[in-house]
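Each remark here refers to the structure printed beneath this line.
Throughout, a chain's letter reflects where its sequence line sits, starting with A, and its residues are numbered from 1.
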Amino acid sequence: MIKEYKSLTDVAGPIIIIEGVEECSFGELVEVYLPDGTIRKGEVLEAHKNHALVQLFEGTSDLNIASTRIRFKGKPIEINLSPDIIGRIFNGFGKPIDQGGPIISEKSVSIIGNPINPYSRDYPSEFIQTGISSIDGLNTLVRGQKLPIFSGAGLPHNEIALQIARQAKVLGKEEKFAVVFGAIGVTFEESNTFIESLRESGALERSVLFINLASDPVIERISTPRFALTTAEYLAFELDIQVLVILTDMTNYCEALREVSAARKEIPGRRGYPGYMYTNLATIYERCGRIKGKKGSITMMPILTMPDDDKTHPIPDLSGYITEGQILLSRPLHAKGIYPCVDVLPSLSRLKDKGIGAGKTREDHANLMNQLFSAYAKGREVQELAVILGESALTDLDKLYMKFANEFEEKYVKQGSYENRTIEETMDIGWDLLRILPVHELTRVREEFIEKYYKKPGA
Amino acid sequence: MTNGKIVSISGPLVIAEALPEAKMYEVVRIGRDKLFGEIIELHKQLVYIQCYEETQGLHPGEEVFLQKEQLSVELGPGLIGSIYDGIQRPLDFIYKQYGDFIPKGVDANPLPIDKSWQFTPLLKPGDTVTPGKKIGFVQETESVKHFILAPYDCEGTLQSIQAGSFTIRQSIAQVKQDDKVRDLFLSQTWPVRKSRPYLNKLVPDEPLITGQRVIDMFFPVANGGTACVPGPFGSGKTVIQHQLAKWATADIIVYVGCGERGNEMTDVLMEFPHLKDPKTGRSLMEKTVLIANTSNMPVAAREASVFSGITIAEYFRDMGYRVALMADSTSRWAEAMREISGRLEEMPGEEGYPAYLSSRIASFYERSGKIKTLDNDIGSLSVIGAVSPPGGDLSEPVVQSTLRVVKVFWSLEDKLAYARHFPAIHWLNSYTLYQKISDAYYAKNVDPAWPTIRETAMSLLQKENELQEIVRLVGTDALSEAEKLIMEISKSIKEDFLHQNAFDDIDTFTSAKKQFFMLRNIITYYQEGFEALKQKNILTEFLMKLPVREKIGRVKYIPETELDQCDLSDEIREAIRNISQMSEVSA
Ligand SMILES: Nc1ncnc2c1ncn2[C@@H]1O[C@H](COP(=O)(O)OP(=O)(O)OP(=O)(O)O)[C@@H](O)[C@H]1O
Ligand SMILES: [Mg+2]
């Protein structure tokens with residue numbers, strides 16, 4: 001028998017305290033009944049002998065100490081899973097909000113999940129062609145990777161994420177795939193753009209959507225990515241599906257976390273965010289990957305907007321310390337009219353090295369990539385120098401580097417949002433650009449590739 | 001009473017009552033699932049426990065069981081090639097037993113208990129046994145002779161000892177101690193928070209050779225020394241740690257993945273068995289122990305992982321081995337301390353870290369060193385810690401506390417990483433306090449000119465930094481030809497020597513001899529070029545266009561087996577000396 005309590009004693013921010021609790025466990029699901037019949041959900045954050053501290057996902061407004069009734073549900077927060085969830089839309093707390101009715105569940109699973117045993121992981125190494133040169137050529141995505149987009153307000157991160165969702169494929173394979181989309185505190189319009197675009201490309205019926213809008217309860221955002229990932233784990237590791245998880249916007253998630261932490265009067269870490277935010281984010285991001293002997297995989301692309309475009313802000317900073325690289329968008333490039341405005345230098349894919357090369361992309365990929373990076377870095381320096389000293393102060397070689405950098409941005413980085421380049425096309429553009437530079441500058445390329453690709457145009 | 005009851009749970013902190021016999025740092029098992037925990041505070045009525053596992057589902061009133069021992073690791077044959085979590089539970093076993101995800105309350109023996117090992121005695125009946133004495137050995141892998149050391153409370157006369165095949169639970173010898181006879185086994189336990197004893201500390205006197213040029217040549221670490229690698233995300237800390245684990249001339253590698261990515265451990269697990277130790281030619285996994293408490297695994301076990309790792313490392317050191325321990329990342333360890341401390345509501349020091357942060361860090365690095373073992377062997381333990389400062393800001397407490405104790409600082413810069421100049425160790429900001437011993441070593445073992453070559457190169461790099469300032473203000477035209485030469489040569493040092501691609505089959509490792517040739521080529525070019533500029537009327541631009549210049553850049557890719565082709569100094573000298581005055585015209 002589940003017992004009902006009427007002993008609410010404290011309400012502060014999203015946190016309530018209930019006295020006289022006989023039995024409740026850490027992390028347990030709680031239901032709070034208001035006199036008007038509405039039910040709100042919560043989670044036990046501290047379980048004591050006589051009382052419990054509970055965080056309410058839907059906020060505490062209108063709560064009254066005397067009239068509120070509380071039940072501890074004897075289980076953690078769970079989601080009902082079955083193959084029927086594919087194609088469905090849920091709110092940020094896992095409740096269906098489309099016309100499809102409830103999920104007849106095969107099983108209920110706690111959204112917290114256990115950590116993947118590092119020993120059971122399989123190293124991600126399958127090249128995903130996104131059709132975007134700045135990603136495929138230089139910051140290659142592989143299946144099972146977590147690669148976030150670090151963006152800023154007003155930059156086209158959604159457009160880029162959607163282009164990737166539309167175009168991403170593993171060469172030479174036709175497999176079951178699905179998109180799991182978690183909207184975390186985004187506007188209706190943004191969320192709608194995603195849904196419409198998925199519909200347009202026919203991917204909607206193979207998607208599962210969890211939508212928490214800007215107008216939805218703030219604290220609910222703490223669970224939204226966990227609902228999304230529990231679903232993704234089910235699809236990938238039980239139904240053998242290749243899953244792409246898009247979470248937007250992780251900045252809103254972190255803000256919800258900060259709100260709870262402040263209400264609990266915890267000692268804040270940097271800029272008021274809780275000291276455990278790294279670990280907390282890791283329990284989301286690390287749920288991505290591949291597992292030995294399993295056909296399915298989880299590739300994750302979280303999107304976050306950097307407050308003030310500042311990469312050292314705790315949200316991008318801690319994310320970058322966990323994810324396997326980042327795609328960094330640049331406001332100056334955007335202002336120059338370059339789409340996608342990927343700043344390739346501070347962008348990074350840590351898993352690229354095992355996903356490229358002979359048999360995966362092409363033998364010269366790594367060398368070409370290193371050379372393009374180094375030449376563009378040099379070119380950028382020259383661009384800056386030219387601003388200070390004027391172009392006349394540049395040496396002949398400097399001028400070539402400057403030309404290289406400009407053309408690199410215009411021809412390599414810039415492309416249409418429906419332009420789907422093959423990896424060969426991307427690499428050929430790369431070699432074309434390198435031909436701007438004299439051969440002795442190409443110190444990152446082995447001689448054989450210089451012979452084969454640099455000296456013989458079109459080879 | 002050895003059973004108490006939970007009164008509250010908040011994240012990894014569990015508070016229990018009714019445990020009057022509880023001892024500080026004692027291990028407990030908590031609740032129905034028998035979760036592992038450790039006592040970290042005692043009060044009159046209450047016992048504070050940090051739980052090494054996820055506490056979701058625990059409720060007040062569940063039982064707590066005292067285990068009568070401190071958090072310990074089991075040491076013996078079977079360690080090599082293992083992968084453990086932070087409290088030495090074997091992850092491969094857990095995988096086979098429980099599947100892809102790690103459940104709660106897993107009980108697993110750290111060492112295989114049914115595997116038999118061939119034991120060879122080194123002592124005979126009648127011999128005296130003293131603590132730490134080698135009584136025999138097991139050839140654990142082709143590369144590791146695993147010595148069996150007498151436990152530290154064992155002193156007496158050997159009554160019997162048996163050669164043959166034994167499991168770690170079978171007795172291999174009997175010692176008469178006082179009036180009792182005790183059995184000795186292949187394995188023993190040791191509490192992780194206590195450093196293992198040795199006879200005395202020695203001063204490190206030889207470099208740990210890593211095959212990484214910027215490290216060996218400019219910022220070497222000693223065998224038995226300490227180093228730290230701070231840097232923002234993506235600057236190359238993990239790759240450096242992996243490179244050291246792969247190529248450093250250590251007999252044993254202990255790699256602690258502390259609060260970092262799961263895939264990085266998988267990478268090691270998949271790659272190491274196929275890589276060959278440059279010294280023995282055997283698989284690297286045959287000398288490696290892995291500890292993996294990744295970022296999504298429980299935070300208290302992450303705090304313990306560093307201690308589990310260093311205790312295992314000390315154990316091999318005590319056999320007389322050169323051991324190297326990598327910890328990636330010590331910042332995550334510090335954060336785990338901060339989280340527990342916050343839950344205990346301790347008065348925080350800087351940035352919320354506990355006031356004892358510095359002393360903990362210092363005492364961890366102090367467990368490194370070159371020592372004389374209790375059995376009069378020489379062993380060493382080098383410790384290399386990665387630090388992950390928020391926002392790359394080196395003024396934060398973990399970096400600062402670490403810099404106070406370590407002797408080598410490899411400063412990783414994001415600017416270099418963005419330009420894909422790897423390793424992104426900055427040549428002007430980094431330092432080492434082992435320069436003298438490494439100079440002496442390489443002068444003796446590689447070439448007497450090693451120290452001067454290194455010094456010349458470094459002073460060129462410093463000079464270039466000053467010249468860069470001028471160029472930034474007024475352009476290259478303001479430089480003299482000799483100064484332009486310094487700029488060009490420095491560029492060559494950076495591109496052709498310092499830059500080293502960890503993912504290139506050949507470039508990934510460079511022997512000391514080859515490193516010397518590579519740098520001497522460049523310095524010869526400078527010295528000869530400098531003379532040529534003085535004596536002949538030529539321009540730097542022309543000087544740098546000699547065909548041999550391009551060859552210098554390609555030496556990286558010449559395999560170690562063709563070492564003689566790496567020395568271009570004669571060819572360079574000849575090429576530059578042969579420049580005729582006439583060349584001036586073509587310049
Ligand atoms: N020596 C090297 N050679 C080639 N590439 C390198 C080298 N060092 C680093 N890199 C590149 O830089 C990337 C990031 O390096 P690494 O993962 O070591 O960073 P990190 O400092 O450990 O970051 P984090 O703090 O987030 O863990 C690697 O994935 C690799 O692509
Ligand atoms: Mg790392």
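- Here the closest heavy-atom approach between residue B:T476 and residue A:A393 is recorded as OG1-O, 4.3 Å.
- Heavy atoms closer than 4.5 Å to chain A are found in both the backbone and the side chain of B:I9.
- To the nearest 0.5 Å, atoms SG (A:C24) and CG (B:L58) are separated by 11.5 Å.
- Contact of B:R343 with chain A is made through the side chain alone, with heavy-atom distances under 4.5 Å.
- Neither the backbone nor the side chain of B:D85 has a heavy atom closer than 4.5 Å to any heavy atom of chain A.
- Comparing B:G553, B:S295, B:A417 by how many heavy-atom pairs each has under 4.5 Å with chain A, the most go to B:S295.
- Using a 4.5 Å cut-off between heavy atoms, A:L29 does not touch chain B at all.
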What's the verdict on side-chain contact (heavy atoms from CB on, under 4.5 Å) for A:Y278 and B:E335, showing C-alpha distance, side-chain angles and the deciding distance? CA-CA 9 Å; A:Y278 172 85; B:E335 280 164 12; 3.7 Å; yes
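- By the 4.0 Å N-to-carboxylate-O rule, B:D507 lies too far from A:R444 to be salt-bridged with it.
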Given the rule in the side-chain contact (heavy atoms from CB on, under 4.5 Å) test, do A:R264 and B:S10 qualify, once you have shown the distances and angles that lead to the verdict? CA-CA 12 Å; A:R264 295 179 72 185; B:S10 163; 3.8 Å; yes
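- Using a 4.5 Å cut-off between heavy atoms, A:D310 makes no contact with chain B at all.
- With a 4.5 Å cut-off on side-chain heavy atoms, B:E271 and A:K354 count as touching.
- Highest contact tally toward chain B, considering only A:V44, A:T312, A:L397, is held by A:T312 [criterion: heavy-atom pairs under 4.5 Å].
- Both the backbone and the side chain of B:P389 come within less than 4.5 Å of a heavy atom of chain A.
- Only the backbone of A:L45 comes within contact range of chain B, with heavy atoms under 4.5 Å apart.
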Please test A:R350 against B:F233 for side-chain contact (heavy atoms from CB on, under 4.5 Å), starting from the C-alpha separation and ending with a verdict. CA-CA 11 Å; A:R350 292 161 197 261; B:F233 63 82; 4.0 Å; yes
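- Interface remark: of the candidates A:G293, A:A377, A:G269, A:P76, A:P76 forms the most heavy-atom pairs closer than 4.5 Å to chain B.
- Within the 4.5 Å cutoff, no side-chain heavy atoms of A:T443 are placed close to those of B:K556.
- A distance of 13.5 Å separates OH in A:Y276 from CD1 in B:I340, rounded to the nearest 0.5 Å.
- In this structure, chain A has a heavy atom under 4.5 Å from the backbone of B:V474, while its side chain stays farther away.
- Note: B:T55 leads B:T294, B:I15, B:L269, B:T55 in heavy-atom pairs under 4.5 Å with chain A.
- Taking each heavy atom of A:N117 and B:L91 in turn, the nearest pair found is ND2-O, 2.9 Å.
- Taking A:E46, A:E22, A:R290 one by one and counting their heavy-atom pairs under 4.5 Å with chain B, the maximum is reached by A:E46.
- Note that CG of A:N50 is 11.0 Å distant from OG of B:S8, once rounded to the nearest 0.5 Å.
- Ranked by heavy-atom pairs under 4.5 Å with chain B, the list A:I322, A:I267, A:L385 is led by A:I322.
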Evaluate side-chain contact (heavy atoms from CB on, under 4.5 Å) for B:M544 paired with A:H440, printing each intermediate quantity in order. CA-CA 11 Å; B:M544 297 311 292; A:H440 61 78; over 6 Å; no
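- Of the two parts of A:P314, neither the backbone nor the side chain holds a non-hydrogen atom closer than 4.5 Å to a non-hydrogen atom of chain B.
- At a 4.5 Å heavy-atom cutoff, A:Y376 makes no contact with chain B through either its backbone or its side chain.
- Between chain A and the options B:T238, B:D504, B:D496, the largest number of non-hydrogen pairs under 4.5 Å is found for B:D504.
- Residue B:N296 comes nearest to A:T283 through the heavy atom pair CB-CA, 4.2 Å, listed as atom of the first residue, atom of the second, then distance.
- With chain B as partner, the option from A:R287, A:Q326, A:E28, A:H313 having the largest number of non-hydrogen pairs under 4.5 angstrom is A:Q326.
- In this structure, the separation between OG on A:S25 and CD on B:E62 is 8.0 Å, given to the nearest 0.5 Å.
- Interface remark: A:E233 contributes side-chain atoms only to the contact with chain B (heavy atom separation under 4.5 Å).
- Interface residues of residues 98-106 of chain B toward chain A, defined by a heavy-atom distance below 4.5 Å and sorted by number: B:D100, B:F101, B:I102, B:P103.
- Relative to the ring axis of B:Y95, A:K292 places its NZ or CZ within 45° and under 6.0 Å from the centre.
- With a 4.5 Å cut-off on non-hydrogen atoms, A:I291 touches chain B through its side chain but not through its backbone.
- Expressed to the nearest 0.5 Å, how far CD1 of A:I388 lies from CZ of B:R472 amounts to 8.5 Å.
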Salt bridge (charged side-chain N to carboxylate O under 4.0 Å, His left out) between A:E286 and B:R261, intermediate numbers included: CA-CA 7 Å; A:E286 276 286 317; B:R261 303 174 184 82; 5.6 Å; no
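- The most heavy-atom pairs under 4.5 Å with chain B, out of A:G325, A:G289, A:G275, come from A:G275.
- Side-chain contact between B:M297 and A:P118 is present, with heavy atoms from C-beta onward closer than 4.5 Å.
- When all heavy atoms of A:Y119 and B:K96 are compared, the closest pair comes out as OH-NZ, 4.4 Å.
- Of all residues in residues 363-375 of chain A, those placing a non-hydrogen atom less than 4.5 angstrom from a non-hydrogen atom of chain B are A:N370, A:F373, A:S374.
- Proximity to chain A is limited to the side chain of B:V299, based on heavy atoms less than 4.5 angstrom apart.
- If you tally non-hydrogen atom pairs under 4.5 Å between each of B:M270, B:M265, B:E396 and chain A, the highest count goes to B:M270.
- Heavy-atom pairs under 4.5 Å with chain A were tallied for B:K415, B:E17, B:E541, B:E345; the largest tally goes to B:E17.
- Heavy atoms from other residues, nucleotides or ligands lying under 6.0 Å from CD of A:E448 number more than 12.
- Per-residue counts of heavy-atom pairs under 4.5 Å with chain A were compared for B:D414, B:L290, B:V471, B:D267; the largest is that of B:D267.
- Taking the side chain as every heavy atom from C-beta outward, B:Y557 and A:R446 approach each other to under 4.5 Å.
- Considering all non-hydrogen atoms of both residues, B:N263 and A:K146 come closest at ND2-NZ, 4.4 Å.
- Geometrically, B:R332 engages A:Y321 in a cation-pi contact, judged by NZ or CZ lying under 6.0 Å from the ring centre and within 45° of the ring axis.
- Looking at A:K378, neither its backbone nor its side chain comes within 4.5 Å of chain B, counting heavy atoms on both sides.
- Electrostatic pairing of B:K491 and A:E441 counts as a salt bridge here, judged by a charged N lying under 4.0 Å from a carboxylate O.
- When the shell of 6.0 Å around NZ of A:K399 is examined, it contains more than 12 heavy atoms from other residues, nucleotides or ligands.
- When all heavy atoms are compared, the tightest approach of B:R420 to A:S347 is NH2-O, 2.6 Å.
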